[in-house]
Amino acid sequence: MEGTILRTENLRVSFGDNLVVKGINMEIGEKKVTAFMGPSGCGKTTILRAINRLHELTPEAKVEGKIFLHSENINEMEAMTVRRRVGMVFQRPNPFPTMSIYENVISGFTLNGIKLKTDEKNHIVEDALKKVALWDEVKDHLKKRATSLSGGQQQRLCLARAVAMKPEVILLDEPTSALDPLSTAKIEDLLYELKGNYTLIIVTHNMQQAARISDMTAFFYLGELLEYDDTKKVFTNPKNEKTQNYITGRFG
Amino acid sequence: MTPYDIQGLQGRRVKDRIFTSLVWGLTFSCLAVVFIILFYIFEKGIGSLNWAIFSQNPKPVGENGGGMLNAIVGSLMVVSIAAILAIPVGVSVGIYLAENRGRKLSDRIALAVDVLQGIPSIVIGIVIYVWIVKPTGKFSSYSGSIALAIMMLPPIIKNTEETLILIPTTLKEASLALGASYFRTTMKVMLPAGIGGIFSGCIIGIARIAGEVAPLLFTAFGNPALNFNILKPVDTIPKVIFTYASSPYDDWHRIAWGGSVILVSFIILLNTIIKIFESRWKVQF
(Lines give C-alpha, C1' and ligand atoms only; values in the text may rest on other atoms or scores of the structure.)
Protein backbone atom coordinates (compact mmCIF):
# COMPACT_ATOMS: atom_id res chain seq x y z
CA MET A 1 0.00 0.00 0.00
CA GLU A 2 1.18 3.48 -0.75
CA GLY A 3 2.20 5.50 2.29
CA THR A 4 2.13 2.65 4.75
CA ILE A 5 2.93 3.65 8.32
CA LEU A 6 2.19 0.41 10.16
CA ARG A 7 2.50 -3.12 8.91
CA THR A 8 1.93 -6.35 10.79
CA GLU A 9 3.48 -9.63 9.82
CA ASN A 10 1.80 -12.77 11.10
CA LEU A 11 0.84 -11.03 14.35
CA ARG A 12 -0.26 -13.54 16.96
CA VAL A 13 -1.25 -12.71 20.52
CA SER A 14 -2.12 -15.28 23.13
CA PHE A 15 -3.09 -15.17 26.77
CA GLY A 16 -1.88 -18.39 28.33
CA ASP A 17 -3.15 -21.15 26.06
CA ASN A 18 -5.78 -18.95 24.51
CA LEU A 19 -4.77 -17.69 21.07
CA VAL A 20 -6.72 -14.47 20.63
CA VAL A 21 -5.13 -12.95 17.53
CA LYS A 22 -4.33 -15.56 14.91
CA GLY A 23 -1.75 -14.34 12.48
CA ILE A 24 -2.77 -10.94 11.19
CA ASN A 25 -1.11 -9.42 8.14
CA MET A 26 -2.20 -5.91 7.38
CA GLU A 27 -0.96 -2.50 6.40
CA ILE A 28 -2.23 0.75 7.82
CA GLY A 29 -2.08 3.82 5.60
CA GLU A 30 -0.41 6.99 6.74
CA LYS A 31 -2.74 9.92 7.56
CA LYS A 32 -5.70 7.60 7.14
CA VAL A 33 -8.42 6.69 9.55
CA THR A 34 -8.70 2.95 9.89
CA ALA A 35 -11.63 1.41 11.72
CA PHE A 36 -11.32 -1.97 13.43
CA MET A 37 -14.67 -3.67 13.62
CA GLY A 38 -16.01 -7.03 14.65
CA PRO A 39 -17.98 -8.73 17.38
CA SER A 40 -16.75 -8.71 20.98
CA GLY A 41 -13.79 -10.96 21.61
CA CYS A 42 -12.55 -10.85 18.04
CA GLY A 43 -9.17 -9.41 18.99
CA LYS A 44 -9.52 -5.78 17.91
CA THR A 45 -8.44 -4.26 21.19
CA THR A 46 -5.77 -6.91 21.60
CA ILE A 47 -4.17 -5.86 18.31
CA LEU A 48 -4.36 -2.22 19.31
CA ARG A 49 -2.66 -2.91 22.61
CA ALA A 50 0.00 -4.97 20.84
CA ILE A 51 0.86 -1.93 18.71
CA ASN A 52 1.43 0.11 21.86
CA ARG A 53 3.25 -2.76 23.61
CA LEU A 54 0.78 -2.61 26.49
CA HIS A 55 0.60 -6.40 26.69
CA GLU A 56 3.91 -6.27 28.50
CA LEU A 57 1.95 -5.35 31.62
CA THR A 58 0.12 -8.67 31.52
CA PRO A 59 2.48 -11.50 32.46
CA GLU A 60 0.55 -14.26 30.65
CA ALA A 61 0.23 -12.32 27.39
CA LYS A 62 2.51 -13.36 24.55
CA VAL A 63 2.99 -11.40 21.32
CA GLU A 64 4.52 -13.13 18.30
CA GLY A 65 5.11 -11.94 14.79
CA LYS A 66 6.22 -8.50 13.74
CA ILE A 67 4.76 -5.02 13.74
CA PHE A 68 6.60 -2.40 11.75
CA LEU A 69 6.31 1.31 12.36
CA HIS A 70 7.64 2.64 9.07
CA SER A 71 10.49 0.17 8.68
CA GLU A 72 11.30 -0.43 12.34
CA ASN A 73 10.08 -3.51 14.18
CA ILE A 74 8.39 -2.08 17.26
CA ASN A 75 9.06 -5.23 19.26
CA GLU A 76 12.76 -4.51 18.91
CA MET A 77 12.41 -0.85 19.81
CA GLU A 78 12.44 0.58 23.32
CA ALA A 79 8.85 0.30 24.61
CA MET A 80 8.99 3.91 25.79
CA THR A 81 9.99 5.13 22.32
CA VAL A 82 7.18 3.16 20.70
CA ARG A 83 4.63 4.58 23.08
CA ARG A 84 5.88 8.11 22.58
CA ARG A 85 5.46 7.76 18.83
CA VAL A 86 2.15 5.91 19.06
CA GLY A 87 -0.45 7.60 21.26
CA MET A 88 -3.42 5.88 22.77
CA VAL A 89 -6.89 6.90 23.94
CA PHE A 90 -8.68 4.36 26.09
CA GLN A 91 -12.22 3.13 26.40
CA ARG A 92 -12.94 5.04 29.57
CA PRO A 93 -11.65 8.56 30.04
CA ASN A 94 -8.59 8.30 32.28
CA PRO A 95 -7.19 11.75 33.00
CA PHE A 96 -4.64 11.87 35.81
CA PRO A 97 -6.78 12.67 38.84
CA THR A 98 -4.06 14.44 40.80
CA MET A 99 -3.26 16.84 37.97
CA SER A 100 -5.02 19.94 36.69
CA ILE A 101 -6.43 20.22 33.18
CA TYR A 102 -3.30 22.08 32.11
CA GLU A 103 -0.98 19.52 33.70
CA ASN A 104 -2.88 16.69 32.07
CA VAL A 105 -2.37 18.09 28.59
CA ILE A 106 1.32 18.64 29.19
CA SER A 107 1.74 15.37 31.12
CA GLY A 108 3.26 13.54 28.15
CA PHE A 109 6.20 15.90 28.43
CA THR A 110 6.48 16.08 32.21
CA LEU A 111 6.19 12.31 32.61
CA ASN A 112 8.95 11.87 30.08
CA GLY A 113 11.14 14.33 31.93
CA ILE A 114 11.12 16.80 29.03
CA LYS A 115 11.74 20.30 30.34
CA LEU A 116 9.90 23.09 28.55
CA LYS A 117 9.74 26.85 28.99
CA THR A 118 6.47 28.25 30.30
CA ASP A 119 5.46 29.89 27.02
CA GLU A 120 6.27 26.71 25.10
CA LYS A 121 4.04 24.80 27.48
CA ASN A 122 1.26 27.36 27.21
CA HIS A 123 1.47 27.13 23.46
CA ILE A 124 1.31 23.32 23.41
CA VAL A 125 -1.60 23.25 25.84
CA GLU A 126 -3.60 25.84 23.94
CA ASP A 127 -2.89 24.21 20.62
CA ALA A 128 -3.83 20.71 21.80
CA LEU A 129 -6.99 21.88 23.54
CA LYS A 130 -8.04 23.81 20.45
CA LYS A 131 -7.51 20.74 18.31
CA VAL A 132 -9.91 18.77 20.47
CA ALA A 133 -12.37 21.69 20.67
CA LEU A 134 -12.06 21.92 24.43
CA TRP A 135 -10.21 25.22 24.66
CA ASP A 136 -13.28 27.47 24.84
CA GLU A 137 -14.84 25.35 27.55
CA VAL A 138 -11.83 25.15 29.85
CA LYS A 139 -9.58 28.12 29.07
CA ASP A 140 -10.74 30.03 32.16
CA HIS A 141 -10.11 27.23 34.59
CA LEU A 142 -7.06 25.36 33.38
CA LYS A 143 -5.88 25.01 36.98
CA LYS A 144 -8.92 22.99 37.99
CA ARG A 145 -8.67 19.28 38.57
CA ALA A 146 -9.19 17.30 35.36
CA THR A 147 -11.68 15.07 37.14
CA SER A 148 -13.99 18.06 37.59
CA LEU A 149 -14.82 17.85 33.88
CA SER A 150 -17.68 15.82 32.46
CA GLY A 151 -17.00 12.39 30.96
CA GLY A 152 -17.08 13.68 27.40
CA GLN A 153 -14.79 16.57 28.25
CA GLN A 154 -12.44 14.19 30.04
CA GLN A 155 -12.24 12.00 26.97
CA ARG A 156 -11.46 15.01 24.77
CA LEU A 157 -8.81 15.97 27.32
CA CYS A 158 -7.30 12.49 26.98
CA LEU A 159 -7.27 12.96 23.23
CA ALA A 160 -5.58 16.34 23.71
CA ARG A 161 -3.02 14.67 25.97
CA ALA A 162 -2.23 12.21 23.18
CA VAL A 163 -2.27 14.85 20.43
CA ALA A 164 0.09 17.15 22.37
CA MET A 165 2.89 14.61 21.97
CA LYS A 166 2.53 14.83 18.17
CA PRO A 167 2.45 11.06 17.77
CA GLU A 168 2.74 9.41 14.38
CA VAL A 169 -0.23 7.16 15.09
CA ILE A 170 -3.10 7.57 17.53
CA LEU A 171 -4.85 4.42 18.67
CA LEU A 172 -8.41 4.83 19.90
CA ASP A 173 -9.92 1.93 21.80
CA GLU A 174 -13.70 2.41 21.62
CA PRO A 175 -13.24 6.03 22.69
CA THR A 176 -16.94 6.80 22.82
CA SER A 177 -18.35 3.62 24.33
CA ALA A 178 -18.52 5.12 27.82
CA LEU A 179 -20.03 8.41 26.67
CA ASP A 180 -23.52 9.77 26.10
CA PRO A 181 -24.72 10.40 22.53
CA LEU A 182 -23.97 14.11 22.60
CA SER A 183 -20.38 13.65 23.76
CA THR A 184 -20.02 10.81 21.27
CA ALA A 185 -21.06 13.12 18.45
CA LYS A 186 -18.51 15.68 19.61
CA ILE A 187 -15.68 13.16 19.64
CA GLU A 188 -16.71 11.91 16.21
CA ASP A 189 -16.70 15.43 14.82
CA LEU A 190 -13.30 15.84 16.30
CA LEU A 191 -11.89 12.69 14.76
CA TYR A 192 -13.34 13.83 11.48
CA GLU A 193 -11.44 17.12 11.90
CA LEU A 194 -8.20 15.34 12.74
CA LYS A 195 -8.55 13.20 9.66
CA GLY A 196 -5.93 13.98 7.06
CA ASN A 197 -3.41 15.24 9.62
CA TYR A 198 -3.08 12.17 11.78
CA THR A 199 -3.00 8.44 11.35
CA LEU A 200 -5.86 7.15 13.46
CA ILE A 201 -6.82 3.60 14.25
CA ILE A 202 -10.17 3.36 15.94
CA VAL A 203 -11.73 0.29 17.46
CA THR A 204 -15.47 0.69 17.40
CA HIS A 205 -18.68 -1.23 17.79
CA ASN A 206 -20.62 1.59 16.29
CA MET A 207 -21.09 1.04 12.57
CA GLN A 208 -22.31 4.52 11.77
CA GLN A 209 -19.21 5.81 13.46
CA ALA A 210 -16.95 3.60 11.39
CA ALA A 211 -18.80 4.44 8.19
CA ARG A 212 -18.73 8.12 8.91
CA ILE A 213 -15.16 8.78 9.93
CA SER A 214 -12.97 6.03 8.56
CA ASP A 215 -11.22 5.69 5.23
CA MET A 216 -10.49 2.02 5.65
CA THR A 217 -12.36 -0.62 7.58
CA ALA A 218 -11.01 -3.89 8.85
CA PHE A 219 -13.43 -6.59 9.92
CA PHE A 220 -12.16 -9.12 12.43
CA TYR A 221 -13.78 -12.34 13.46
CA LEU A 222 -12.43 -14.74 16.10
CA GLY A 223 -8.93 -13.35 15.86
CA GLU A 224 -8.74 -13.36 12.10
CA LEU A 225 -8.89 -10.55 9.61
CA LEU A 226 -11.81 -11.40 7.34
CA GLU A 227 -12.08 -8.27 5.31
CA TYR A 228 -10.03 -5.12 4.92
CA ASP A 229 -10.87 -2.56 2.32
CA ASP A 230 -12.10 0.96 1.65
CA THR A 231 -14.82 1.75 4.14
CA LYS A 232 -17.28 2.43 1.34
CA LYS A 233 -16.66 -0.94 -0.22
CA VAL A 234 -16.91 -2.80 3.06
CA PHE A 235 -20.21 -1.18 3.86
CA THR A 236 -21.81 -1.25 0.44
CA ASN A 237 -20.40 -4.36 -1.07
CA PRO A 238 -18.74 -6.66 1.47
CA LYS A 239 -17.02 -9.66 -0.02
CA ASN A 240 -17.28 -11.84 3.03
CA GLU A 241 -20.59 -13.23 4.13
CA LYS A 242 -19.76 -12.79 7.80
CA THR A 243 -18.99 -9.13 7.26
CA GLN A 244 -22.26 -8.70 5.48
CA ASN A 245 -24.15 -10.41 8.27
CA TYR A 246 -22.40 -8.28 10.83
CA ILE A 247 -23.02 -4.93 9.20
CA THR A 248 -26.62 -5.77 8.51
CA GLY A 249 -27.00 -6.58 12.16
CA ARG A 250 -27.64 -10.27 11.88
CA PHE A 251 -25.02 -11.11 14.51
CA GLY A 252 -22.51 -9.39 16.72
CA MET B 1 -56.14 -12.50 59.39
CA THR B 2 -55.05 -12.36 55.77
CA PRO B 3 -53.03 -15.19 54.24
CA TYR B 4 -50.00 -12.91 54.03
CA ASP B 5 -49.73 -12.45 57.78
CA ILE B 6 -46.44 -13.83 58.91
CA GLN B 7 -46.43 -16.46 61.61
CA GLY B 8 -44.83 -15.48 64.88
CA LEU B 9 -44.41 -11.83 63.97
CA GLN B 10 -44.43 -10.80 67.60
CA GLY B 11 -41.55 -13.13 68.37
CA ARG B 12 -39.53 -11.80 65.46
CA ARG B 13 -40.05 -8.25 66.59
CA VAL B 14 -38.78 -9.09 70.05
CA LYS B 15 -35.69 -10.85 68.64
CA ASP B 16 -35.08 -7.92 66.36
CA ARG B 17 -35.26 -5.50 69.24
CA ILE B 18 -32.96 -7.61 71.40
CA PHE B 19 -30.38 -7.83 68.60
CA THR B 20 -30.52 -4.11 67.88
CA SER B 21 -30.10 -3.18 71.53
CA LEU B 22 -27.26 -5.68 71.88
CA VAL B 23 -25.37 -4.06 69.00
CA TRP B 24 -26.02 -0.62 70.40
CA GLY B 25 -25.09 -1.68 73.90
CA LEU B 26 -21.81 -3.31 72.93
CA THR B 27 -20.84 -0.39 70.70
CA PHE B 28 -21.60 1.99 73.52
CA SER B 29 -19.62 0.01 76.10
CA CYS B 30 -16.65 -0.08 73.76
CA LEU B 31 -16.78 3.68 73.35
CA ALA B 32 -17.37 4.08 77.07
CA VAL B 33 -14.17 2.17 77.86
CA VAL B 34 -12.18 4.49 75.61
CA PHE B 35 -13.70 7.57 77.17
CA ILE B 36 -13.31 6.33 80.73
CA ILE B 37 -9.63 5.60 80.12
CA LEU B 38 -9.10 8.98 78.50
CA PHE B 39 -11.00 10.71 81.27
CA TYR B 40 -9.01 8.93 83.93
CA ILE B 41 -5.67 9.70 82.33
CA PHE B 42 -6.52 13.34 81.82
CA GLU B 43 -8.01 13.71 85.29
CA LYS B 44 -4.90 12.28 86.90
CA GLY B 45 -2.39 13.81 84.56
CA ILE B 46 -3.61 17.20 83.46
CA GLY B 47 -2.86 18.68 86.88
CA SER B 48 0.74 17.62 86.72
CA LEU B 49 1.30 19.23 83.37
CA ASN B 50 3.35 22.31 84.02
CA TRP B 51 6.10 24.16 82.30
CA ALA B 52 8.70 22.19 84.22
CA ILE B 53 7.64 18.91 82.60
CA PHE B 54 8.42 20.29 79.17
CA SER B 55 11.49 22.31 80.08
CA GLN B 56 13.40 20.48 82.79
CA ASN B 57 15.30 17.26 83.05
CA PRO B 58 14.56 14.81 85.87
CA LYS B 59 15.70 15.77 89.37
CA PRO B 60 17.69 13.27 91.46
CA VAL B 61 15.77 10.86 93.63
CA GLY B 62 14.32 12.52 96.70
CA GLU B 63 14.10 15.97 95.15
CA ASN B 64 10.63 17.03 94.04
CA GLY B 65 9.87 18.69 90.70
CA GLY B 66 11.75 18.34 87.50
CA GLY B 67 10.41 17.23 84.18
CA MET B 68 10.91 14.97 81.22
CA LEU B 69 12.50 17.23 78.61
CA ASN B 70 15.13 14.55 78.01
CA ALA B 71 12.44 11.95 77.31
CA ILE B 72 10.37 14.22 75.06
CA VAL B 73 13.45 15.01 72.99
CA GLY B 74 14.45 11.36 73.07
CA SER B 75 11.05 10.16 71.92
CA LEU B 76 10.95 12.65 69.06
CA MET B 77 14.44 11.64 68.04
CA VAL B 78 13.92 7.88 68.23
CA VAL B 79 10.50 7.98 66.56
CA SER B 80 11.44 10.36 63.76
CA ILE B 81 14.56 8.42 62.84
CA ALA B 82 12.52 5.21 62.92
CA ALA B 83 10.04 6.84 60.54
CA ILE B 84 12.82 8.01 58.22
CA LEU B 85 14.16 4.46 58.10
CA ALA B 86 10.83 2.66 57.81
CA ILE B 87 8.82 4.82 55.39
CA PRO B 88 10.97 4.38 52.25
CA VAL B 89 11.33 0.65 52.86
CA GLY B 90 7.67 0.13 53.77
CA VAL B 91 6.35 2.14 50.82
CA SER B 92 8.68 0.31 48.43
CA VAL B 93 7.56 -3.09 49.69
CA GLY B 94 3.93 -1.92 49.43
CA ILE B 95 4.52 -0.88 45.81
CA TYR B 96 6.16 -4.22 45.06
CA LEU B 97 3.27 -6.17 46.55
CA ALA B 98 0.66 -4.09 44.72
CA GLU B 99 2.49 -4.44 41.40
CA ASN B 100 3.20 -8.15 41.63
CA ARG B 101 0.01 -9.61 42.97
CA GLY B 102 -0.40 -13.35 42.72
CA ARG B 103 3.28 -14.10 42.29
CA LYS B 104 4.91 -16.60 44.59
CA LEU B 105 7.46 -14.18 45.94
CA SER B 106 4.87 -11.55 46.78
CA ASP B 107 2.72 -14.13 48.55
CA ARG B 108 5.73 -15.05 50.67
CA ILE B 109 6.48 -11.41 51.39
CA ALA B 110 2.87 -10.77 52.37
CA LEU B 111 3.03 -13.74 54.73
CA ALA B 112 6.30 -12.45 56.18
CA VAL B 113 4.69 -9.05 56.79
CA ASP B 114 1.82 -10.73 58.64
CA VAL B 115 4.26 -12.69 60.76
CA LEU B 116 6.28 -9.54 61.44
CA GLN B 117 3.14 -7.83 62.65
CA GLY B 118 2.62 -10.64 65.15
CA ILE B 119 6.15 -10.72 66.57
CA PRO B 120 6.09 -9.40 70.14
CA SER B 121 7.89 -6.08 70.43
CA ILE B 122 10.13 -7.36 73.21
CA VAL B 123 11.46 -10.02 70.86
CA ILE B 124 12.33 -7.39 68.27
CA GLY B 125 14.11 -5.50 71.05
CA ILE B 126 16.16 -8.55 71.97
CA VAL B 127 17.07 -9.24 68.35
CA ILE B 128 18.30 -5.69 67.84
CA TYR B 129 20.18 -5.97 71.14
CA VAL B 130 21.99 -9.04 69.84
CA TRP B 131 22.57 -7.63 66.37
CA ILE B 132 23.52 -4.05 67.12
CA VAL B 133 23.88 -3.23 70.81
CA LYS B 134 26.12 -6.16 71.68
CA PRO B 135 28.51 -5.84 68.71
CA THR B 136 28.83 -2.07 69.18
CA GLY B 137 29.13 -2.50 72.92
CA LYS B 138 26.71 0.26 73.91
CA PHE B 139 23.06 1.21 74.11
CA SER B 140 22.13 3.83 71.58
CA SER B 141 19.25 5.92 70.35
CA TYR B 142 19.69 4.67 66.79
CA SER B 143 19.42 1.00 67.76
CA GLY B 144 16.06 1.86 69.37
CA SER B 145 15.04 3.58 66.13
CA ILE B 146 15.89 0.46 64.15
CA ALA B 147 13.82 -1.73 66.48
CA LEU B 148 10.87 0.65 66.17
CA ALA B 149 11.33 0.95 62.40
CA ILE B 150 10.88 -2.81 62.09
CA MET B 151 7.68 -2.56 64.10
CA MET B 152 6.44 0.27 61.90
CA LEU B 153 6.85 -1.63 58.65
CA PRO B 154 3.67 -3.77 58.61
CA PRO B 155 1.10 -0.95 58.79
CA ILE B 156 3.00 1.12 56.20
CA ILE B 157 3.35 -1.83 53.82
CA LYS B 158 -0.28 -2.86 54.15
CA ASN B 159 -1.71 0.61 53.73
CA THR B 160 0.49 1.33 50.72
CA GLU B 161 -0.43 -1.96 49.08
CA GLU B 162 -4.14 -1.63 49.74
CA THR B 163 -4.22 1.96 48.53
CA LEU B 164 -2.34 1.24 45.32
CA ILE B 165 -4.49 -1.78 44.48
CA LEU B 166 -7.54 0.46 44.45
CA ILE B 167 -6.06 2.79 41.84
CA PRO B 168 -7.48 1.80 38.43
CA THR B 169 -4.95 0.13 36.12
CA THR B 170 -6.18 2.42 33.35
CA LEU B 171 -4.33 5.22 35.09
CA LYS B 172 -1.06 3.36 34.94
CA GLU B 173 -1.72 2.45 31.32
CA ALA B 174 -2.46 6.08 30.49
CA SER B 175 0.93 7.09 31.81
CA LEU B 176 2.83 4.24 30.17
CA ALA B 177 1.01 4.86 26.88
CA LEU B 178 2.48 8.36 26.87
CA GLY B 179 5.91 6.79 26.90
CA ALA B 180 6.60 7.44 30.57
CA SER B 181 9.00 5.11 32.33
CA TYR B 182 7.87 2.73 35.04
CA PHE B 183 9.72 4.83 37.61
CA ARG B 184 8.06 8.10 36.64
CA THR B 185 4.67 6.40 36.34
CA THR B 186 5.04 5.17 39.90
CA MET B 187 6.39 8.42 41.31
CA LYS B 188 4.25 10.93 39.43
CA VAL B 189 1.00 9.10 38.80
CA MET B 190 0.51 6.17 41.17
CA LEU B 191 1.99 7.53 44.40
CA PRO B 192 0.29 10.94 44.14
CA ALA B 193 -3.02 9.21 43.48
CA GLY B 194 -2.51 7.08 46.58
CA ILE B 195 -0.86 9.66 48.79
CA GLY B 196 -3.75 9.89 51.26
CA GLY B 197 -3.72 6.19 52.08
CA ILE B 198 0.06 5.92 52.13
CA PHE B 199 0.33 8.93 54.40
CA SER B 200 -2.20 7.53 56.84
CA GLY B 201 -0.32 4.22 56.85
CA CYS B 202 2.81 6.10 57.90
CA ILE B 203 0.95 7.95 60.66
CA ILE B 204 -0.65 4.74 61.91
CA GLY B 205 2.84 3.26 62.02
CA ILE B 206 4.13 6.21 64.05
CA ALA B 207 1.15 5.99 66.40
CA ARG B 208 1.86 2.32 66.87
CA ILE B 209 5.46 2.76 67.95
CA ALA B 210 5.20 6.03 69.85
CA GLY B 211 4.05 4.27 73.00
CA GLU B 212 6.38 1.27 72.84
CA VAL B 213 8.69 0.57 75.77
CA ALA B 214 9.63 -3.07 75.35
CA PRO B 215 11.90 -2.83 72.30
CA LEU B 216 13.61 0.21 73.81
CA LEU B 217 14.60 -1.43 77.10
CA PHE B 218 17.50 -3.22 75.42
CA THR B 219 18.32 -0.59 72.83
CA ALA B 220 17.75 3.10 73.58
CA PHE B 221 17.91 2.06 77.23
CA GLY B 222 17.38 5.36 79.01
CA ASN B 223 19.34 8.44 79.96
CA PRO B 224 18.50 10.95 82.68
CA ALA B 225 20.41 13.67 80.82
CA LEU B 226 19.37 15.55 77.74
CA ASN B 227 21.02 13.95 74.73
CA PHE B 228 20.93 14.75 71.02
CA ASN B 229 23.50 12.18 69.94
CA ILE B 230 21.99 9.17 68.19
CA LEU B 231 25.01 7.08 69.17
CA LYS B 232 24.21 7.50 72.87
CA PRO B 233 21.33 6.14 74.93
CA VAL B 234 18.25 8.31 75.36
CA ASP B 235 15.15 8.34 77.49
CA THR B 236 11.75 8.15 75.86
CA ILE B 237 8.32 9.12 77.21
CA PRO B 238 6.97 5.56 77.51
CA LYS B 239 10.19 4.45 79.16
CA VAL B 240 9.91 7.27 81.73
CA ILE B 241 6.29 6.38 82.40
CA PHE B 242 7.33 2.78 82.96
CA THR B 243 10.17 3.65 85.33
CA TYR B 244 8.35 6.37 87.23
CA ALA B 245 5.06 4.55 87.57
CA SER B 246 6.79 1.53 89.08
CA SER B 247 8.75 3.68 91.53
CA PRO B 248 7.67 4.26 95.13
CA TYR B 249 7.75 8.09 94.92
CA ASP B 250 4.52 10.12 94.70
CA ASP B 251 6.15 12.90 92.77
CA TRP B 252 7.40 10.44 90.14
CA HIS B 253 3.89 9.01 89.86
CA ARG B 254 2.66 12.52 89.18
CA ILE B 255 5.19 12.98 86.37
CA ALA B 256 4.30 9.55 84.94
CA TRP B 257 0.67 10.65 84.67
CA GLY B 258 1.80 13.84 83.00
CA GLY B 259 3.82 11.80 80.52
CA SER B 260 0.76 9.66 79.81
CA VAL B 261 -1.27 12.76 78.98
CA ILE B 262 1.45 13.96 76.61
CA LEU B 263 1.64 10.59 74.91
CA VAL B 264 -2.13 10.16 74.60
CA SER B 265 -2.54 13.70 73.28
CA PHE B 266 0.14 12.97 70.70
CA ILE B 267 -1.75 9.87 69.54
CA ILE B 268 -5.05 11.76 69.37
CA LEU B 269 -3.32 14.49 67.38
CA LEU B 270 -1.91 11.95 64.91
CA ASN B 271 -5.33 10.39 64.39
CA THR B 272 -6.87 13.80 63.81
CA ILE B 273 -4.18 14.52 61.23
CA ILE B 274 -5.03 11.27 59.45
CA LYS B 275 -8.71 12.20 59.29
CA ILE B 276 -8.00 15.70 57.99
CA PHE B 277 -5.58 14.61 55.30
CA GLU B 278 -7.57 11.61 54.18
CA SER B 279 -10.48 13.84 53.32
CA ARG B 280 -8.35 16.63 51.91
CA TRP B 281 -6.22 14.36 49.74
CA LYS B 282 -9.05 12.20 48.60
CA VAL B 283 -8.53 11.51 44.92
CA GLN B 284 -11.50 10.90 42.66
CA PHE B 285 -10.98 8.60 39.74
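Residue numbers start from 1 in every chain, and the chains themselves are labelled A, B, ... in the order their sequence lines are given, proteins ahead of strands.
Remark: B/Leu171 pairs with A/Phe96, A/Pro97, B/Ile167, B/Val189, B/Ala193, B/Phe285 by the side-chain contact (heavy atoms from CB on, under 4.5 Å) rule, at least two apart or across chains. In terms of the side-chain contact (heavy atoms from CB on, under 4.5 Å) criterion, residue partners of B/Leu116 (sequence neighbours excluded) are, by chain and number, B/Ile119, B/Ile150, B/Leu153, B/Pro154.
Closest of all the heavy-atom pairs between A/Phe90 and B/Ala174 is CE1-CA, 3.8 Å.
Within 6.0 Å of NZ in A/Lys66 there are 12 or fewer heavy atoms belonging to other residues, nucleotides or ligands. Residue B/Phe28 qualifies as open at atom CZ: its count of foreign heavy atoms under 6.0 Å is 12 or below. Counting non-hydrogen atoms of other residues, nucleotides and ligands closer than 6.0 Å to NE2 of A/His123 gives a total of 12 or fewer.
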Inter-chain polar pairs, chain A versus chain B: which donor-acceptor atoms lie under 3.5 Å apart?
| from | atom 1 | to | atom 2 | distance (Å) |
| --- | --- | --- | --- | --- |
| A/Arg49 | NH1 | B/Glu173 | OE1 | 3.3 |
| A/Arg49 | NH1 | B/Glu173 | OE2 | 3.3 |
| A/Arg49 | NH2 | B/Glu173 | OE2 | 2.6 |
| A/Asn94 | ND2 | B/Thr170 | O | 2.9 |
| A/Asn112 | ND2 | B/Leu178 | O | 3.0 |

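Contact of A/Pro95 with chain B is made through the backbone alone, with heavy-atom distances under 4.5 Å. A/Val82 does not touch chain B: none of its heavy atoms, backbone or side chain, sits under 4.5 Å away.
The greatest number of non-hydrogen atom pairs below 4.5 Å with chain B, out of A/Gly113, A/Ala164, A/Ala162, is found for A/Gly113.
Applying the salt bridge (Lys or Arg N to Asp or Glu O under 4.0 Å) test to pairs two or more places apart or on separate chains, none has a residue in residues 116-126 of chain B.
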